[in-house]
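Next up is a structure, given as structure tokens.
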Amino acid sequence: MNRRRRIYEGKAKILYEGPEPGTLIQHFKDDATAFNAEKHELFEGKGVLNNRISELIFGKLGEIGVPTHFIRRLNMREQLIREVEIVPIEVVVRNIAAGSLAKRLGLEEGSALPRSIIEFYYKDDKLGDPMVSEEHITAFAWAAPQEIDEMMQLALRINDFLVGLFLGIGIRLVDFKVEFGRQWENDMMRIILADEISPDCCRLWDVKTNDKLDKDRFRQDLGGMLEAYQEVARRLGILNENRPAVGSTPVLVSSNTPEGKPH
Ligand code: UDP
């Protein structure tokens, strides 16, 4: 396992060469980083939770026809994915004012936006992922106008679906970040959802208490980050209801692995 070729290591994930051409293995680490990796901590079990949460969300999005890189989960921390060329743009969708938007425009945190707003950030750690406009994206050829349209349409569909999914389990989807990739099939290229969707890249607030159930617990030193991720997993039906949601290590519900064996 350890001799697999490592293709890329990011802050929270590692990509390994996959078993077949055109595939990769996405490995979820326990590392949490914030403020462009100035803040860094390990949360034992976070990778396991994000692997399962992202699997569930990508699976459901696939079922409603959103093309994604997800093929199947391989084990507690890893999933098999389609190899794509990542578009170097982070697409953020916002429903409620929070984080950098609230700060930049002087909006009250928690105020509803007049409509869902999409923003683009250029993926460059050295520059701290600056916000960019469609003009920048096309002028510097980071993505073509048609690709921007496709990403926006997909991002809004993903938002509509996730707002409903989370509301159904008592969670408000405040905002989230997604990444897309280019996948070639013969001469055809299409834009598909890549990376992950987990509490690492979403703001999730409890509907009743407004408790934060996402990475802001780490960013803002609120404590209880792992417990919050476990709570999200529990409400999504991933964690075993019979075991305590808060504990030293996450307890995962048995589910069928591709081999049909319970994990
Ligand atoms: N986000 C992310 N990765 C980033 C920046 C933001 O996943 O590098 C997510 C973040 O979790 C939030 C949304 O994108 O759900 C909007 O983040 P914002 O621009 O408010 O930045 P932040 O305040 O998190 O720095």
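Just so it is clear, the structure is predicted and the values come from calculations on it, not from any experiment. When reading the values below, keep in mind they use all heavy atoms of this one structure, side chains included, and skip hydrogens, waters and symmetry mates. Every number for a ligand or one of its atoms is a count from 1 in the order of the listing.
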message: Can you confirm if the aromatic rings of H69 and F58 lie within a centre distance of less than 6.0 Å?
response: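 Yes, close enough.
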- request: With sequence neighbours excluded, tell me which residues meet side chain to side chain donor-acceptor pair (under 3.5 Å) with K177.
  value: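 Side chain to side chain donor-acceptor pair (under 3.5 Å) check on K177 returns E179, D195.
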message: Run the ring pair (Phe, Tyr, Trp, His ring centres under 6.0 Å) test against W205 and tell me which residues pass, sequence neighbours left out.
response: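 W205 satisfies ring pair (Phe, Tyr, Trp, His ring centres under 6.0 Å) with no residue once adjacent residues are dropped.
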message: Tell me if the aromatic rings of Y229 and F43 count as close, with their centers under 6.0 Å from one another.
response: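 No.
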Tabulated below should be the N or O atoms of ligand 1 paired with protein N or O atoms at under 3.5 Å; can you produce that?
from, atom 1, to, atom 2, distance (Å)
ligand 1, 8 (O), E90, OE1, 3.3
ligand 1, 11 (O), R219, NH2, 2.9
ligand 1, 15 (O), D175, OD1, 2.6
ligand 1, 15 (O), R203, N, 3.4
ligand 1, 19 (O), R94, NH2, 2.6
ligand 1, 19 (O), S100, OG, 2.6
ligand 1, 20 (O), R94, NH1, 3.4
ligand 1, 20 (O), R94, NH2, 3.3
ligand 1, 20 (O), S100, N, 2.8
ligand 1, 20 (O), S100, OG, 3.3
ligand 1, 20 (O), R203, NH1, 2.9
ligand 1, 23 (O), S100, N, 3.3
ligand 1, 23 (O), R203, NH2, 2.9
ligand 1, 24 (O), R203, NH2, 3.1

message: Please list all pairs meeting side-chain hydrogen bond (donor to acceptor under 3.5 Å, both in side chains) that have one or both residues in residues 84-93, counting only residues at least two apart or in different chains.
response: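 Non-adjacent pairs meeting side-chain hydrogen bond (donor to acceptor under 3.5 Å, both in side chains): E85-R182.
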field: Lys/Arg cation over aromatic F161: K60, 6.0 Å, 45° cone
entry: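 No.
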